[in-house]
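Note: hydrogens, waters and symmetry copies are ignored here, and every other heavy atom, side chains too, is used.
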Amino acid sequence: MTMSSIKIECVLLENCLCGESPVWEEASNSLLFVDIPAKKVCRWDSLSKQVQRVTVDASVSSVALRQSGGYVATIGTKFCTLNWEDQSVTVLATVDKDKKNNRFNDGKVDPAGRYFAGNRRSVYRLEKEEQIPDGMCIDADGKLWVACYNGGRVIRLDPETGKRLQTVKLPVDKTTSCCFGGKDYSEMYVTCARYGMDPEWLIRQPEAGGIFKITGLGVKGIPPYPYAG
């Protein structure tokens, strides 16, 4: 697989302050994602190219599919359900009630259907360059794809050896997360941020905060796990 066969395009100029948590919903051919500081959950229809947005009452750090219908999300320090039809939010559980400035940082559903989320925590640099490992996903071969914040790239790693297998550079620096999608999960979707970028930086990277699609990677992903509750 040569780099020349890989195609990268910005499919949605969303101008996210901090886009995160991309999740493919096969039933609607849509990509779900959040804009954390804007307090928005978004759903982009890959067929109509239209995007719908639901605004919630606190920073929303992740969204996931729900087995019984609708979605779940981590909003502030709460696990919530989200009914897209009437845009209603129901709280399932609240953590860290005594820590007013805390919030969830990210969340994922495991193969058993459990929704895991972590709060704001320390991160470690991936390598010498000014890159911070951020959101990630796994392909059908069991390899790990990691979006590198401030690195402007996604990298493929062997989780057993730690060896880097592939690097895909994007035209934006603040890449935040990635997931596989499309009809056969052969497309990769990447979120990014524009928060903290000055006007000159934004002129150089006008697609910052957008949603990117990468094709031609030569690998496929696996469907996301839905929350069982």
Side-chain angles (χ1 to χ4, degrees), residues 2-23 31-46 49-56 58-63 74-76 101-106 119-137 145-157 164 166-179 181 187-217:
T2 62
M3 291 300 291
S4 60
S5 65
I6 293 176
K7 180 182 177 183
I8 301 168
E9 61 177 316
C10 182
V11 294
L12 180 64
L13 279 169
E14 183 65 11
N15 292 333
C16 289
L17 291 173
C18 186
E20 258 285 7
S21 187
V23 179
L31 182 77
L32 293 157
F33 61 95
V34 303
D35 186 346
I36 297 175
K39 306 175 182 178
K40 291 179 181 178
V41 181
C42 306
R43 186 171 72 180
W44 175 72
D45 187 316
S46 67
K49 310 303 181 187
Q50 298 299 305
V51 61
Q52 298 173 303
R53 304 168 185 87
V54 172
T55 302
V56 294
S59 297
V60 53
S61 54
S62 71
V63 63
T74 47
I75 302 173
N101 294 324
N102 204 7
R103 68 164 173 82
F104 282 124
N105 187 61
D106 203 354
N119 59 19
R120 303 183 77 175
R121 62 197 184 276
S122 300
V123 293
Y124 295 90
R125 286 202 182 136
L126 190 65
E127 52 184 62
K128 292 179 186 177
E129 293 103 331
E130 199 71 10
Q131 301 175 8
I132 300 173
D134 202 345
M136 56 193 73
C137 64
W145 289 83
V146 183
C148 300
Y149 189 76
N150 282 340
R153 66 196 67 190
V154 291
I155 59 174
R156 189 187 192 214
L157 301 170
R164 182 188 297 203
Q166 194 170 354
T167 299
V168 181
K169 190 82 174 68
L170 282 88
V172 291
D173 290 333
K174 294 180 178 290
T175 42
T176 56
S177 193
C178 54
C179 78
E187 302 167 348
M188 174 173 282
Y189 289 90
V190 182
T191 53
C192 61
R194 63 191 283 120
Y195 185 79
M197 298 175 69
D198 61 31
E200 289 186 5
W201 198 349
L202 289 170
I203 288 172
R204 294 195 306 270
Q205 298 186 5
E207 296 170 326
I211 303 297
F212 288 84
K213 181 174 75 170
I214 304 173
T215 52
L217 288 171

(request) Report yes if the side chains of L17 and I36 come closer than 4.5 Å at any heavy-atom pair, otherwise no. (result) no

(request) With the side chain counted from C-beta on, respond yes when L217 and W145 share a heavy-atom pair under 4.5 Å apart, and no when they do not. (result) yes

(request) Taking the side chain as every heavy atom from C-beta outward, state whether Q166 and I6 have any pair of such atoms under 4.5 Å apart. (result) yes

(request) Give the minimum heavy-atom separation between L170 and R153, together with the two atoms involved. (result) CD1-CA, 4.0 Å

(request) Evaluate the side-chain proximity of P206 to L13: yes if any heavy-atom separation is below 4.5 Å, no if none is. (result) no

(message) Let me confirm one number: the CG-OH distance from D134 to Y149, rounded to the nearest 0.5 Å.
(response) 8.0 Å

(request) Please name the pair of heavy atoms, one in P171 and one in I8, separated by the smallest distance, quoted to 0.1 Å. (result) CD-CG2, 4.2 Å

(request) Take V63 and F33 through the test side chain to side chain contact (heavy atoms under 4.5 Å, CB included) and record every step on the way to the result. (result) CA-CA 7 Å; V63 63; F33 61 95; 5.8 Å; no

(message) Do Y189 and C178 make a side-chain contact, defined as non-hydrogen atoms from C-beta onward lying under 4.5 Å apart?
(response) no

(message) Would you say that K174 contacts N150 through its side chain, given a criterion of any heavy-atom pair below 4.5 Å between the two side chains?
(response) yes

(message) Once rounded to the nearest 0.5 Å, what's the spacing between atom CG of L31 and atom SG of C42?
(response) 9.5 Å

(request) For residues A208 and R194, report the shortest heavy-atom separation together with the two atoms involved. (result) O-NH1, 2.9 Å

(request) Mind listing the closest non-hydrogen atom pair of S62 and V34 along with its distance? (result) C-CG1, 4.0 Å

(request) Any chance you could measure K40, atom NZ, to Q52, atom CD, to the nearest 0.5 Å? (result) 13.5 Å

(request) State the CD1-OG distance between I75 and S61, to the nearest 0.5 angstrom. (result) 9.0 Å

(message) On a heavy-atom basis, which atom in E20 and which in T176 lie closest, and how many Å separate them?
(response) OE2-O, 3.5 Å

(message) Is a donor from one side chain sitting under 3.5 angstrom from an acceptor on the other, for S177 and T191?
(response) no

(request) Look up atom CE in M136 and atom CD1 in I155, then write down how far apart they are to the nearest 0.5 Å. (result) 9.0 Å

(message) Contact between V51 and R43 at the side-chain level, heavy atoms closer than 4.5 Å - yes or no?
(response) no

(request) Return yes if some donor-acceptor pair links the side-chain N/O of S59 with the main-chain N/O of K39 below 3.5 Å, else return no. (result) no

(message) Does M188 form a side chain to side chain contact (heavy atoms under 4.5 Å, CB included) with F212? I'd like the steps, not just the answer.
(response) CA-CA 8 Å; M188 174 173 282; F212 288 84; over 6 Å; no

(message) Tell me if the NZ atom of K213 is crowded by more than 12 foreign heavy atoms within 6.0 Å.
(response) yes

(message) Do D35 and Y195 have side chains that approach each other closer than 4.5 Å (heavy atoms only, starting at C-beta)?
(response) no

(request) Might you point out which heavy atoms bring C16 and G19 nearest each other, and give the distance in Å? (result) CB-N, 3.5 Å

(message) Let me confirm one number: the CH2-NZ distance from W44 to K49, rounded to the nearest 0.5 Å.
(response) 4.5 Å

(message) Any carboxylate oxygen within less than 4.0 angstrom of a Lys/Arg side-chain nitrogen, looking at E14 and R53?
(response) yes

(request) Could you walk me through whether Q205 and M197 pass the side chain to side chain contact (heavy atoms under 4.5 Å, CB included) test, one step at a time? (result) CA-CA 9 Å; Q205 298 186 5; M197 298 175 69; 3.6 Å; yes

